[in-house]
Amino acid sequence: MTQTRTPGGVTIEYETFGSTSDSPLLLVSGLGAQLVAWPRPFCERLADEGRFVIAFDNRDCGLSSKWDGAPDTLPAVIAAAMSGDLSQARDLAAYSLGDMAGDALALLDALGIGQAHVLGASLGGAIAQRLAIEHPERVLSLISMMSSTGEADFGQSTPEALQVLFGPAARDRDGHMAAAEKTLIWRSRRYPDLEGATKVAAESFDRCFCPQGTNRQLAAMIADGSRAEALSALSVPTLVIHGLDDTLITPSGGERTAELVPGATLMLVQDMGHDRPEPLWPLLCAAIAAHTASTARP
């Protein structure tokens with residue numbers, strides 16, 4: 001793992017897999033998720049498919065820059081968004097989804113990559129969408145995984161999943177590991193892999209524990225609002241992957257994304273929730289490889 005500093009002064013921690021001569025594939029993590037949430041064997045499998053894989057910590061998590069001086073405005077952002085005042089919500093958020101997409105772009109710049117395939121999961125999917133919307137010339141193809149469009153009527157979490165998402169954060173390592181069991185509510189029913197989830201929770205806690213950063217990321221996502229109009233004008237080749245067991249961002253979020261983006265391919269996956277179960281890696285990686293095969297690195 002190594003770091004780069006963006007022109008805006010943001011430090012980004014990242015790790016790469018495979019050969020720099022292969023077509024680049026940028027992996028964008030979800031809410032509060034560090035780069036270690038992309039399992040190394042999963043990244044290596046994608047690299048074996050002939051992709052130069054890049055995983056990184058978004059701002060405000062992992063070993064990337066933190067906004068520790070910024071107040072927690074999440075409740076106020078939620079209130080403003082619910083009242084329909086997205087302008088106020090954006091003013092209250094510490095940064096925007098566009099800023100987070102800009103970090104990804106700056107990382108590509110630091111690596112000397114003009115264009116890349118971009119795969120984003122959950123919040124990472126929203127960031128990837130924003131990157132494709134604002135900088136389509138830099139995105140060879142888009143893969144939006146277990147994400148949504150920002151529209152309130154699509155991808156709504158179940159009440160049980162929301163209760164876990166907004167529940168009190170654990171304050172120590174043991175509590176953080178124990179909390180992984182609660183994520184079973186949105187994981188694959190057939191392949192829940194609690195052991196793997198607990199391992200990632202422990203590794204993430206050891207690298208950096210920053211629940212305030214997760215709140216600020218969530219505020220940025222909420223303040224972004226609907227991307228429906230922009231997605232309907234997107235001309236980037238797009239694959240949408242969504243698990244049918246997902247209760248955190250329900251499948252209508254993926255279905256709506258594929259409906260809006262012209263020419264998008266929708267892949268609904270049995271036995272996948274808001275996760276990437278190892279037994280499904282061959283299926284997922286094959287789909288990702290096929291989608292990213294048509295365009296080589298310029």
Side-chain angles (χ1 to χ4, degrees), residues 27-31 33 37 81-82 86 97 101 117-134 136 139-162 164-165 183-192 218 221-277 279-292 294:
L27 306 183
V28 190
S29 299
L31 178 65
M82 290 185 67
L86 279 177
L97 220 59
H117 302 281
V118 182
L119 162 58
S122 194
L123 168 64
I127 296 170
Q129 290 173 22
R130 180 54 63 191
L131 179 57
I133 289 165
E134 297 184 0
V139 180
L140 291 171
S141 74
L142 169 66
I143 304 171
S144 182
M145 179 183 284
M146 51 191 172
S147 193
S148 190
T149 63
E151 297 171 278
D153 293 337
F154 300 94
Q156 286 280 29
S157 305
T158 65
E160 296 80 8
L162 275 179
V164 172
L165 180 65
T183 68
L184 292 175
I185 193 68
W186 57 62
R187 300 182 74 83
S188 166
R189 297 188 187 100
R190 185 176 182 184
Y191 310 116
L218 183 56
M221 183 185 76
I222 293 170
D224 197 58
S226 170
R227 293 175 295 282
E229 184 176 353
L231 288 171
S232 66
L234 198 63
S235 59
V236 173
T238 299
L239 171 65
V240 179
I241 302 175
H242 215 106
L244 289 171
D245 288 351
D246 196 342
T247 61
L248 186 59
I249 300 179
T250 47
S252 66
E255 291 169 336
R256 176 62 170 172
T257 305
E259 175 188 344
L260 287 174
V261 179
T265 299
L266 175 63
M267 179 179 176
L268 295 175
V269 184
Q270 291 280 356
D271 300 320
M272 175 178 164
H274 205 77
D275 55 3
R276 290 174 293 273
L280 298 181
W281 289 359
L283 175 68
L284 296 175
C285 290
I288 295 165
H291 180 69
T292 57
S294 58

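A quick note: this is a predicted structure, and the numbers were derived from the prediction, not measured. Values below: every heavy atom of this structure, side chains too, minus hydrogens, waters and symmetry copies.
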> Would Arg227 and Thr257 count as a side chain to side chain contact (heavy atoms under 4.5 Å, CB included) if you check the C-alpha gap in whole Å, the side-chain angles of each, and the deciding distance to 0.1 Å?
Replying inline: CA-CA 9 Å; Arg227 293 175 295 282; Thr257 305; over 6 Å; no
>> Do Met145 and His274 make a side-chain contact, defined as non-hydrogen atoms from C-beta onward lying under 4.5 Å apart?
In response: no
> Does Asp271 pair with Arg189 as a salt bridge, N-O distance under 4.0 Å?
Replying inline: no
>> How close do Gly253 and Ser148 get, counting heavy atoms only, and between which atoms?
In response: CA-OG, 3.5 Å
> When rounded to the nearest 0.5 angstrom, what distance separates OG in Ser147 from CD1 in Ile249?
Replying inline: 5.0 Å
>> Taking side chain to side chain contact (heavy atoms under 4.5 Å, CB included) as the definition, give me every residue that meets it alongside Leu162, ordered by chain and number, with sequence neighbours left out.
In response: Ser157, Leu165, Phe166
> Which distance, rounded to the nearest 0.5 Å, do you find between the CZ of Arg276 and the CG of Leu283?
Replying inline: 14.0 Å
> Minimum heavy-atom separation for Leu280 to Met272, with atom names?
Replying inline: CD1-CB, 3.6 Å
> Looking only at heavy atoms, which two atoms of Arg256 and Phe154 are closest? And how far apart?
Replying inline: NE-CE1, 3.5 Å
>> For the backbone of Ile185 and the side chain of Thr247, can you confirm whether one donor and one acceptor N or O come within less than 3.5 Å of each other?
In response: yes
> For the residue pair Ser188 and Tyr191, what are the closest heavy atoms and their distance?
Replying inline: OG-N, 2.9 Å
> Does any N or O in the side chain of Ser232 come within less than 3.5 Å of the main-chain N or O of Ala230, such that one atom is a donor and the other an acceptor?
Replying inline: no
> So, does Ser122 use its side chain to make a donor-acceptor pair with the main chain of Gly124 at under 3.5 Å?
Replying inline: no
>> I want to check something: taking the side chain as every heavy atom from C-beta on, are Trp186 and Asp275 in contact at a cut-off of under 4.5 Å?
In response: no
> Do Val240 and Glu255 pass the side chain to side chain contact (heavy atoms under 4.5 Å, CB included) test, and can you show the C-alpha distance, the side-chain angles, and the key distance before you say yes or no?
Replying inline: CA-CA 8 Å; Val240 179; Glu255 291 169 336; over 6 Å; no
>> Nearest 0.5 angstrom please: Leu97 CG to Leu123 CG, how far?
In response: 6.0 Å
> Checking Glu134 side chain against Gln129 main chain: does a donor-acceptor pair fall under 3.5 Å?
Replying inline: no
>> If you compare all heavy atoms of Pro251 against all heavy atoms of Gly243, which two are closest, and at what distance to 0.1 Å?
In response: CG-O, 3.6 Å
> Do Leu244 and Val269 come within less than 4.5 Å of each other through their side chains, counting heavy atoms only?
Replying inline: no
>> For Leu234 and Ile133: C-alpha separation, side-chain torsions, deciding distance, then whether side chain to side chain contact (heavy atoms under 4.5 Å, CB included) applies.
In response: CA-CA 6 Å; Leu234 198 63; Ile133 289 165; 4.3 Å; yes
>> Do Val28 and Leu119 make a side-chain contact, defined as non-hydrogen atoms from C-beta onward lying under 4.5 Å apart?
In response: no
>> With a 4.5 Å cut-off on side-chain heavy atoms, are Leu239 and Met267 touching?
In response: yes
> Of the non-hydrogen atoms in Ala37 and Ala33, which two are nearest, and what is the gap between them?
Replying inline: CB-CB, 4.1 Å
>> If you apply the rule salt bridge (charged side-chain N to carboxylate O under 4.0 Å, His left out), what do you find for Arg187 with Asp245, and how did you get there?
In response: CA-CA 7 Å; Arg187 300 182 74 83; Asp245 288 351; over 6 Å; no
> Do other residues, nucleotides or ligands put more than 12 heavy atoms under 6.0 Å from the CD atom of Gln270?
Replying inline: no
>> With side chain to side chain contact (heavy atoms under 4.5 Å, CB included) as the criterion, how do Leu140 and Thr292 come out once you've worked through the C-alpha distance, each side chain's angles and the decisive distance to 0.1 Å?
In response: CA-CA 8 Å; Leu140 291 171; Thr292 57; over 6 Å; no
>> Whether the side chain of Asp224 engages the backbone of Ile222 through a donor-acceptor N/O pair (distance < 3.5 Å, no angle test) should be reported.
In response: no
>> So, taking the atom named CD in Glu259 and the one named CG in Leu266, what distance separates them when rounded to the nearest 0.5 Å?
In response: 10.5 Å
> Does Ile143 reach the side chain of Val118, with side-chain heavy atoms less than 4.5 Å apart?
Replying inline: no
> How many angstroms lie between atom OG1 of Thr183 and atom CG of Leu248, to the nearest 0.5 angstrom?
Replying inline: 10.0 Å
>> As an exercise, state the distance from CE of Met146 to OG1 of Thr250, rounded to the nearest 0.5 Å.
In response: 14.0 Å
